[in-house]
Amino acid sequence: GIDNGLSGGLVALDQHCSIVDMIRMPVKKCPWRGNIISTEVLHTWLRSFRGIRFVVLEECPDHADRASTMRIMACSFGQICTAVELAGLADRLRFVRSGNPMDSWQRITFHGWNATIAGETKQLAAREAAMVWPSVSFVPPKCRTPDTGLLDAALTARHATVNCVGGRLL
(Lines give C-alpha, C1' and ligand atoms only; values in the text may rest on other atoms or scores of the structure.)
Protein backbone atom coordinates (compact mmCIF):
# COMPACT_ATOMS: atom_id res chain seq x y z
CA GLY A 1 0.00 0.00 0.00
CA ILE A 2 1.24 3.46 -0.89
CA ASP A 3 -0.05 6.63 0.72
CA ASN A 4 0.60 9.37 -1.85
CA GLY A 5 2.48 12.54 -0.89
CA LEU A 6 5.73 13.68 0.63
CA SER A 7 4.55 12.69 4.10
CA GLY A 8 3.07 9.42 2.83
CA GLY A 9 4.17 5.90 3.56
CA LEU A 10 4.82 2.48 2.09
CA VAL A 11 3.59 -0.73 3.69
CA ALA A 12 3.95 -4.29 2.40
CA LEU A 13 1.52 -6.95 3.61
CA ASP A 14 1.57 -10.69 3.09
CA GLN A 15 -1.49 -12.67 1.95
CA HIS A 16 -2.70 -12.84 5.58
CA CYS A 17 -2.53 -9.03 5.98
CA SER A 18 0.48 -9.23 8.29
CA ILE A 19 2.94 -6.36 7.89
CA VAL A 20 6.14 -7.48 6.15
CA ASP A 21 7.80 -4.06 5.93
CA MET A 22 6.97 -0.38 6.22
CA ILE A 23 8.88 2.81 5.55
CA ARG A 24 8.04 6.48 5.42
CA MET A 25 7.85 7.96 1.95
CA PRO A 26 11.47 8.37 0.79
CA VAL A 27 12.15 12.02 -0.06
CA LYS A 28 15.17 13.94 -1.25
CA LYS A 29 16.06 17.57 -1.81
CA CYS A 30 15.67 18.95 -5.30
CA PRO A 31 17.56 22.23 -5.85
CA TRP A 32 14.87 23.81 -8.03
CA ARG A 33 11.72 22.39 -6.33
CA GLY A 34 12.35 21.61 -2.67
CA ASN A 35 11.57 18.07 -1.48
CA ILE A 36 10.50 15.40 -3.97
CA ILE A 37 9.92 11.65 -3.73
CA SER A 38 13.05 9.58 -4.25
CA THR A 39 11.88 7.34 -7.09
CA GLU A 40 15.19 5.45 -6.86
CA VAL A 41 14.60 4.42 -3.23
CA LEU A 42 10.92 3.67 -3.95
CA HIS A 43 11.88 1.53 -6.96
CA THR A 44 14.48 -0.37 -4.90
CA TRP A 45 11.97 -0.95 -2.09
CA LEU A 46 9.36 -2.31 -4.54
CA ARG A 47 11.93 -4.61 -6.18
CA SER A 48 12.92 -6.07 -2.79
CA PHE A 49 9.72 -8.17 -2.66
CA ARG A 50 8.95 -11.37 -4.56
CA GLY A 51 5.50 -12.41 -5.72
CA ILE A 52 3.76 -9.06 -5.40
CA ARG A 53 0.05 -9.62 -6.11
CA PHE A 54 -0.73 -5.96 -6.53
CA VAL A 55 0.42 -2.47 -5.59
CA VAL A 56 -2.32 -0.19 -4.32
CA LEU A 57 -1.90 3.56 -4.57
CA GLU A 58 -4.10 6.27 -3.14
CA GLU A 59 -5.17 8.58 -5.97
CA CYS A 60 -4.85 12.34 -5.83
CA PRO A 61 -7.82 13.83 -3.99
CA ASP A 62 -10.46 15.75 -5.92
CA HIS A 63 -9.70 18.92 -3.95
CA ALA A 64 -7.36 20.35 -1.32
CA ASP A 65 -7.16 23.46 0.83
CA ARG A 66 -4.37 24.92 -1.29
CA ALA A 67 -3.38 24.68 -4.95
CA SER A 68 0.21 23.94 -3.88
CA THR A 69 -0.99 20.81 -2.05
CA MET A 70 -2.74 19.56 -5.20
CA ARG A 71 0.37 20.27 -7.27
CA ILE A 72 2.62 18.33 -4.86
CA MET A 73 0.16 15.41 -4.73
CA ALA A 74 -0.07 15.28 -8.54
CA CYS A 75 3.72 15.35 -8.92
CA SER A 76 4.12 12.69 -6.24
CA PHE A 77 1.48 10.54 -7.93
CA GLY A 78 3.42 10.69 -11.21
CA GLN A 79 6.71 9.83 -9.52
CA ILE A 80 5.14 6.87 -7.70
CA CYS A 81 3.53 5.54 -10.90
CA THR A 82 6.90 5.85 -12.65
CA ALA A 83 8.70 3.90 -9.90
CA VAL A 84 6.02 1.18 -10.00
CA GLU A 85 6.36 0.91 -13.78
CA LEU A 86 10.18 0.78 -13.62
CA ALA A 87 9.89 -2.00 -11.03
CA GLY A 88 7.94 -4.00 -13.63
CA LEU A 89 4.70 -3.82 -11.68
CA ALA A 90 2.55 -1.53 -13.85
CA ASP A 91 0.13 -4.37 -14.63
CA ARG A 92 -0.40 -4.90 -10.88
CA LEU A 93 -1.07 -1.28 -10.00
CA ARG A 94 -4.49 -0.62 -8.46
CA PHE A 95 -5.91 2.73 -7.37
CA VAL A 96 -8.12 3.62 -4.43
CA ARG A 97 -9.84 6.88 -3.64
CA SER A 98 -9.68 8.61 -0.30
CA GLY A 99 -11.80 11.11 1.58
CA ASN A 100 -15.45 11.80 0.96
CA PRO A 101 -16.33 9.85 -2.24
CA MET A 102 -18.74 6.98 -1.59
CA ASP A 103 -16.17 4.43 -2.82
CA SER A 104 -13.26 5.79 -0.77
CA TRP A 105 -11.24 3.28 1.22
CA GLN A 106 -11.97 5.29 4.39
CA ARG A 107 -15.77 5.08 3.98
CA ILE A 108 -15.51 1.34 3.39
CA THR A 109 -12.95 0.68 6.15
CA PHE A 110 -14.64 2.94 8.68
CA HIS A 111 -18.10 1.60 7.76
CA GLY A 112 -19.88 4.56 6.22
CA TRP A 113 -17.92 7.34 7.92
CA ASN A 114 -18.94 10.79 6.70
CA ALA A 115 -16.27 13.45 6.26
CA THR A 116 -17.85 16.05 8.49
CA ILE A 117 -15.12 16.51 11.10
CA ALA A 118 -11.70 17.59 9.79
CA GLY A 119 -8.94 15.27 10.95
CA GLU A 120 -11.32 12.58 12.15
CA THR A 121 -9.85 9.97 9.80
CA LYS A 122 -6.48 10.19 11.54
CA GLN A 123 -8.01 9.12 14.85
CA LEU A 124 -10.09 6.42 13.18
CA ALA A 125 -7.04 5.12 11.29
CA ALA A 126 -4.96 4.90 14.47
CA ARG A 127 -7.77 3.04 16.25
CA GLU A 128 -8.36 0.63 13.33
CA ALA A 129 -4.63 -0.11 12.93
CA ALA A 130 -4.29 -0.80 16.66
CA MET A 131 -7.12 -3.34 16.42
CA VAL A 132 -5.76 -5.04 13.28
CA TRP A 133 -2.05 -4.97 14.22
CA PRO A 134 -1.94 -4.68 18.04
CA SER A 135 1.77 -5.50 18.30
CA VAL A 136 2.89 -3.05 15.59
CA SER A 137 3.95 0.48 16.41
CA PHE A 138 3.32 3.14 13.80
CA VAL A 139 5.16 5.72 15.92
CA PRO A 140 8.52 6.57 14.30
CA PRO A 141 11.65 6.95 16.44
CA LYS A 142 11.81 10.27 18.32
CA CYS A 143 8.07 10.87 17.76
CA ARG A 144 5.09 10.64 20.10
CA THR A 145 2.26 10.15 17.63
CA PRO A 146 1.66 7.58 14.89
CA ASP A 147 2.83 8.44 11.37
CA THR A 148 -0.38 9.04 9.42
CA GLY A 149 1.32 8.15 6.12
CA LEU A 150 2.20 4.69 7.45
CA LEU A 151 -1.26 4.23 8.97
CA ASP A 152 -2.97 5.14 5.70
CA ALA A 153 -0.61 2.99 3.62
CA ALA A 154 -1.21 -0.03 5.89
CA LEU A 155 -4.97 0.40 5.91
CA THR A 156 -5.07 1.05 2.16
CA ALA A 157 -3.11 -2.17 1.57
CA ARG A 158 -5.42 -4.10 3.89
CA HIS A 159 -8.49 -2.61 2.19
CA ALA A 160 -7.18 -3.75 -1.19
CA THR A 161 -6.18 -7.21 0.07
CA VAL A 162 -9.59 -7.81 1.61
CA ASN A 163 -11.60 -6.27 -1.27
CA CYS A 164 -9.63 -7.45 -4.31
CA VAL A 165 -11.22 -10.27 -6.26
CA GLY A 166 -9.69 -11.51 -9.50
CA GLY A 167 -7.33 -8.53 -9.62
CA ARG A 168 -10.16 -5.97 -9.44
CA LEU A 169 -10.99 -3.82 -6.45
CA LEU A 170 -14.64 -4.03 -5.43
Side-chain angles (χ1 to χ4, degrees), residues 1-27 37-61 73 76-99 101-113 115 120-141 143 145-170:
I2 302 175
D3 180 47
N4 184 8
L6 297 176
S7 60
L10 312 167
V11 176
L13 302 181
D14 65 15
Q15 67 272 22
H16 306 291
C17 290
S18 296
I19 294 176
V20 175
D21 192 23
M22 63 179 172
I23 63 171
R24 292 167 111 173
M25 185 62 73
V27 296
I37 290 177
S38 173
T39 52
E40 181 180 4
V41 173
L42 178 53
H43 170 262
T44 301
W45 187 81
L46 288 166
R47 298 277 301 170
S48 70
F49 302 102
R50 298 283 179 252
I52 292 178
R53 225 171 94 207
F54 52 85
V55 177
V56 61
L57 171 59
E58 190 175 81
E59 290 182 348
C60 291
M73 293 291 283
S76 297
F77 185 81
Q79 290 177 289
I80 294 166
C81 288
T82 300
V84 170
E85 184 175 352
L86 291 173
L89 299 167
D91 62 327
R92 297 180 198 147
L93 185 58
R94 306 291 182 269
F95 302 100
V96 294
R97 290 168 30 129
S98 65
M102 293 306 290
D103 63 345
S104 78
W105 72 264
Q106 284 119 329
R107 278 190 185 256
I108 295 166
T109 301
F110 305 141
H111 309 291
W113 157 85
E120 184 182 41
T121 58
K122 295 179 187 344
Q123 296 165 349
L124 291 170
R127 201 170 332 151
E128 182 78 13
M131 286 189 313
V132 176
W133 301 286
S135 62
V136 175
S137 174
F138 291 90
V139 179
C143 293
T145 58
D147 183 289
T148 58
L150 293 175
L151 287 170
D152 284 357
L155 292 171
T156 300
R158 180 173 171 268
H159 164 77
T161 301
V162 170
N163 295 295
C164 189
V165 176
R168 284 186 39 239
L169 278 173
L170 300 177

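Computed over heavy atoms, backbone and side chain alike; hydrogens, waters and symmetry mates excluded.
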_Stepwise salt bridge (Lys or Arg N to Asp or Glu O under 4.0 Å) check, Arg97 with Glu58_ = CA-CA 6 Å; Arg97 290 168 30 129; Glu58 190 175 81; over 6 Å; no
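Annotation: side chain of Ile2 is not in contact with side chain of Phe77 (no heavy-atom distance under 4.5 Å). Residues Glu128 and Val132 form a side-chain contact, since some pair of their non-hydrogen atoms from C-beta on lies under 4.5 Å apart.
Taking both residues in full, the closest heavy atoms of Thr39 and Ala83 are given as O-CB, 3.9 Å, listed atom of the first, atom of the second, then distance. Closest approach of Gly9 to Ala153, counting heavy atoms only: O-CB, 3.3 Å. Of all non-hydrogen atoms in Asn4 and Glu59, the two that sit nearest each other are ND2-C, 4.5 Å. Residues Leu150 and Met22 come closest through the heavy atom pair CD2-CB, 4.2 Å. Nearest heavy-atom pair, Ala154 versus Leu13, reported as atom, atom and distance to 0.1 Å: O-CD1, 4.1 Å. The nearest pair of heavy atoms linking Val139 to Cys143 is CG1-O, 3.2 Å.
Atoms CD and CZ, on Gln15 and Arg53 in that order, are 8.5 Å from each other to the nearest 0.5 Å. Here the straight-line distance linking atom OG of Ser38 with atom CD of Gln79 works out to 9.0 Å at 0.5 Å rounding. Considering OG1 of Thr156 and CZ of Arg94, their distance stands at 15.0 Å, rounded to 0.5 Å. Here the OG1 atom belonging to Thr148 is positioned 12.0 Å from the CZ atom belonging to Phe138, to the nearest 0.5 angstrom. With rounding to the nearest 0.5 angstrom, the NE2 atom of His43 is 14.5 Å from the CD1 atom of Ile80.
Between the side chain of Trp133 and the backbone N or O of Cys17, at least one donor-acceptor pair lies under 3.5 Å.
By the side-chain contact (heavy atoms from CB on, under 4.5 Å) test, Leu93 is found to be paired with Val55, Leu57, Cys81, Val84, Phe95, residues two or more places apart in sequence or in another chain being considered. For Asp14, there are no side-chain hydrogen bond (donor to acceptor under 3.5 Å, both in side chains) partners, not counting sequence neighbours.
Listed by first and then second residue, the salt bridge (Lys or Arg N to Asp or Glu O under 4.0 Å) pairs that reach into residues 145-154 are Arg24-Asp147, sequence neighbours excluded.
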